[in-house]
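All heavy atoms count here, side chains included; hydrogens, waters and symmetry mates do not. Here is the naming used below: chain letters follow the sequence lines, and residue numbers restart at 1 for every chain.
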There are 2 protein chains.
Amino acid sequence: MPFDAEISEFQAPALFEGLDADAGGIKIRYAREEEIFGEGEPAEYVYQVLSGAVRTYRILRDGRRQIDEFHFAGGYFGIEGGPDHRTTAEAIADSTVLVARRMTASDLADQRGDVARQLLQLTMEGLQRRQDHVVLLGRKSACERVASLLIDLAERSGCQRTLDVPMSRQDMADYLGLTIETVSRTLSQLQADGVIEIPTTRRIVLRDRAALAELVE
Amino acid sequence: MPFDAEISEFQAPALFEGLDADAGGIKIRYAREEEIFGEGEPAEYVYQVLSGAVRTYRILRDGRRQIDEFHFAGGYFGIEGGPDHRTTAEAIADSTVLVARRMTASDLADQRGDVARQLLQLTMEGLQRRQDHVVLLGRKSACERVASLLIDLAERSGCQRTLDVPMSRQDMADYLGLTIETVSRTLSQLQADGVIEIPTTRRIVLRDRAALAELVE
DNA sequence: CGTTAGTTTGACCTAATTCAAATACTGTGG
DNA sequence: CCACAGTATTTGAATTAGGTCAAACTAACG
């Protein structure tokens with residue numbers, strides 16, 4: 001596992017020198033499906049996706065999985081309030097990840113104010129995304145959920161019309177609180193309606209963004 | 001509306017003088033069902049429940065409501081990352097709320113580090129609660145959702161065996177992503193199973209906490 | 001007390017799930 | 001480069017958890 005193999009070399013002093021990816025931390029490559037950290041493990045490091053994609057999720061006793069978030073290039077993950085990771089993180093595709101030792105609360109107090117502010121900003125954004133996720137899961141139909149995900153993916157990829165989705169249908173289902181069959185059927189229906197086009201499994205073209213946006217709520 | 005009537009008197013300098021409720025801000029009373037702030041309004045103030053209970057929620061175009069969070073005595077709400085409130089806040093019961101002018105990012109930078117750290121701590125806790133909420137809505141059955149809420153309410157009221165629930169069945173349903181009828185039926189079933197007792201509508205006794213905890217996932 | 005709103009219960013319905021099978025990918029070795 | 005094995009996805013049929021509609025019941029309040 002690359003994590004164990006390389007991490008000992010690392011002694012970055014601050015959270016990426018003020019959460020700026022170029023400065024602190026070391027790069028680690030993870031293969032598709034490889035675990036980056038596990039739920040319950042001590043949260044000693046923080047992470048930023050440099051390339052590829054990462055999922056964080058939780059598992060219930062009987063195996064039900066809920067994906068908490070998808071993380072793409074530029075996104076941070078593994079930042080925790082408490083001592084331990086509350087989710088498991090895995091690479092969805094082959095990925096490069098920047099890893100830095102987490103700052104303690106006292107480190108943070110000593111630090112320049114803008115680092116703390118950036119961390120707060122990041123946490124606030126995470127909170128907002130979970131609030132949106134709660135509305136999606138609590139009150140939206142299957143079709144609205146799928147449409148919401150597609151719009152979100154498009155926005156996060158700089159409003160591309162053609163999405164290269166790195167995740168499987170199972171990943172989508174476990175993010176959307178649906179089954180794989182429902183996700184598949186919904187995508188097929190959206191294609192039949194001319195709203196999207198699915199040239200290959202992992203590629204989705206948004207043909208009618210307005211119609212999709214209408215479906216979002 | 002008490003908000004408009006009294007808010008002009010107020011000039012607290014910092015977020016409750018370091019988020020400490022005794023110092024900054026002014027107390028405002030809200031009647032049951034009264035709005036405290038609305039979604040989309042500028043987030044000029046931050047709030048702490050002193051007594052009573054508050055719900056924050058979002059509404060979809062067609063009226064579907066998703067309650068984001070219940071706030072009880074001691075809890076903070078209305079703290080936003082952006083310029084506007086992303087939820088509507090209403091008093092569930094007659095409530096007293098401490099209201100303070102929000103700090104700007106630059107205020108925060110000038111401030112002692114422990115204020116910023118407390119705000120970060122608060123935001124992290126909020127994030128964690130939404131993560132739990134996402135798992136509940138995405139992957140738990142109606143029965144598990146209701147049990148989770150009861151356990152959460154019990155823990156937040158200092159592990160009382162008897163819960164005085166201030167919220168209506170509709171509030172519970174809109175928090176749990178269910179309908180009022182399903183909540184009612186589920187509570188009735190839990191009572192029939194001897195797990196809880198419902199002496200009055202707004203009072204629930206947890207007779208078998210272990211059984212309830214088993215249901216949580 | 002009577003009125004109104006909130007809650008519970010019943011009967012029926014449907015969106016999404018489950019189970020099952022067909023089809024389409026992906027990667028690998030020959 | 002192709003054939004094959006294994007996996008992922010799609011589609012179909014049947015089932016069900018939870019929703020909807022409707023009515024009875026209960027509690028709160030002037």
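In this model, no donor atom of one side chain and acceptor atom of the other lie less than 3.5 Å apart for Gln128(A) and Asp132(A).
If you take CD1 of Ile196(A) and P of dT10(D), they are 10 Å apart, rounded to a whole angstrom. The distance from atom CD of Gln189(A) to atom P of dA16(C) is 12 Å, rounded to the nearest whole Å. For the pair Gln170(A) CD and dT17(C) C1', the interatomic distance rounds to 13 Å; values are reported in whole Å. The interatomic distance linking Asp171(B) (CG) with dA5(C) (P) rounds to 17 Å, in whole Å. Taking atom CD1 on Ile204(A) and atom P on dT10(D), their separation rounds to 9 Å, with Å as the unit. Between the C1' atom of dT7(D) and the CZ atom of Arg202(A) lies a distance of 11 Å, rounded to the nearest Å. Regarding Glu181(A), its CD atom lies at a distance of 13 Å from the C1' atom of dT15(D), rounded to whole Å. Ile198(B) has its CD1 atom 14 Å from the C1' atom of dT26(D), to the nearest Å.
Listed candidates were dT7(C), dT10(D), dT18(C). Nearest to the side chain of Thr179(A) is dT18(C). Among the nucleotides dT7(C), dG18(D), dT9(D), the one closest to any side-chain atom of Ala142(B) is dG18(D). Proximity note for Leu178(B) (side chain, C-beta onward) versus dA16(C), dG18(D), dG6(C): the nearest is dG18(D).
Contacts of residues 53-66 of chain A with DNA chain C (heavy atom under 4.0 Å): none.
Between Ile180(A) and Ser141(B), the one whose closest nucleotide on DNA chain D sits nearer the 5' end is Ile180(A). Take the nearest nucleotide of DNA chain C for Lys140(A) and for Thr201(A): the residue whose nucleotide is more 5' is Lys140(A).
Salt bridge status for Arg61(B) with Glu144(A): absent, with no side-chain N to carboxylate O gap under 4.0 Å. Ion pairing between a basic and an acidic side chain is recognised when a charged N comes within 4.0 Å of a carboxylate O; Arg65(A) and Asp171(A) show such pairing.
Inter-residue side-chain proximity for His133(B) and Tyr175(B) is flagged as met; some heavy-atom pair is nearer than 4.5 Å.
Residue Ser184(B) is in base contact, counting any heavy-atom pair closer than 4.0 Å across all strands shown. Within 4.0 Å of Arg32(B), counting heavy atoms only, lies no atom of the nucleic acid at all. Residue Arg145(B) is classed as having no contact, given no heavy-atom separation below 4.0 Å to the nucleic acid. When heavy atoms are screened at a 4.0 angstrom cut-off, Thr200(A) is found touching no nucleic acid atom at all. Looking at heavy-atom distances under 4.0 Å, Ser188(B) makes contact with sugar-phosphate atoms alone, never a base.
The six-membered or imidazole ring of Phe37(A) lies near that of Tyr47(A), with a centre-to-centre distance under 6.0 Å.
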Go through it in stages, so that I can follow the logic: the residues are Phe70(B) and Met167(B), the test is side chain to side chain contact (heavy atoms under 4.5 Å, CB included), and I'd like the CA-CA distance, side-chain angles, deciding distance and then a yes or no. CA-CA 9 Å; Phe70(B) 295 120; Met167(B) 70 283 284; 3.7 Å; yes
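Side-chain N/O atoms of Thr182(A) include one lying less than 4.0 angstrom from OP1 or OP2 on dT17(C).
Applying the side-chain hydrogen bond (donor to acceptor under 3.5 Å, both in side chains) test to every pair with at least one member in residues 195-212 of chain B, sequence neighbours left out, gives these pairs: Asp164(B)-Arg203(B).
Contact between Ile36(A) and Phe77(A) at its shortest, heavy atoms only, is CD1-CZ, 4.0 Å.
No hydrogens or angles were tested; on distance alone, a donor-acceptor pair under 3.5 Å links the side chain of Arg185(B) to the base of dT20(D).
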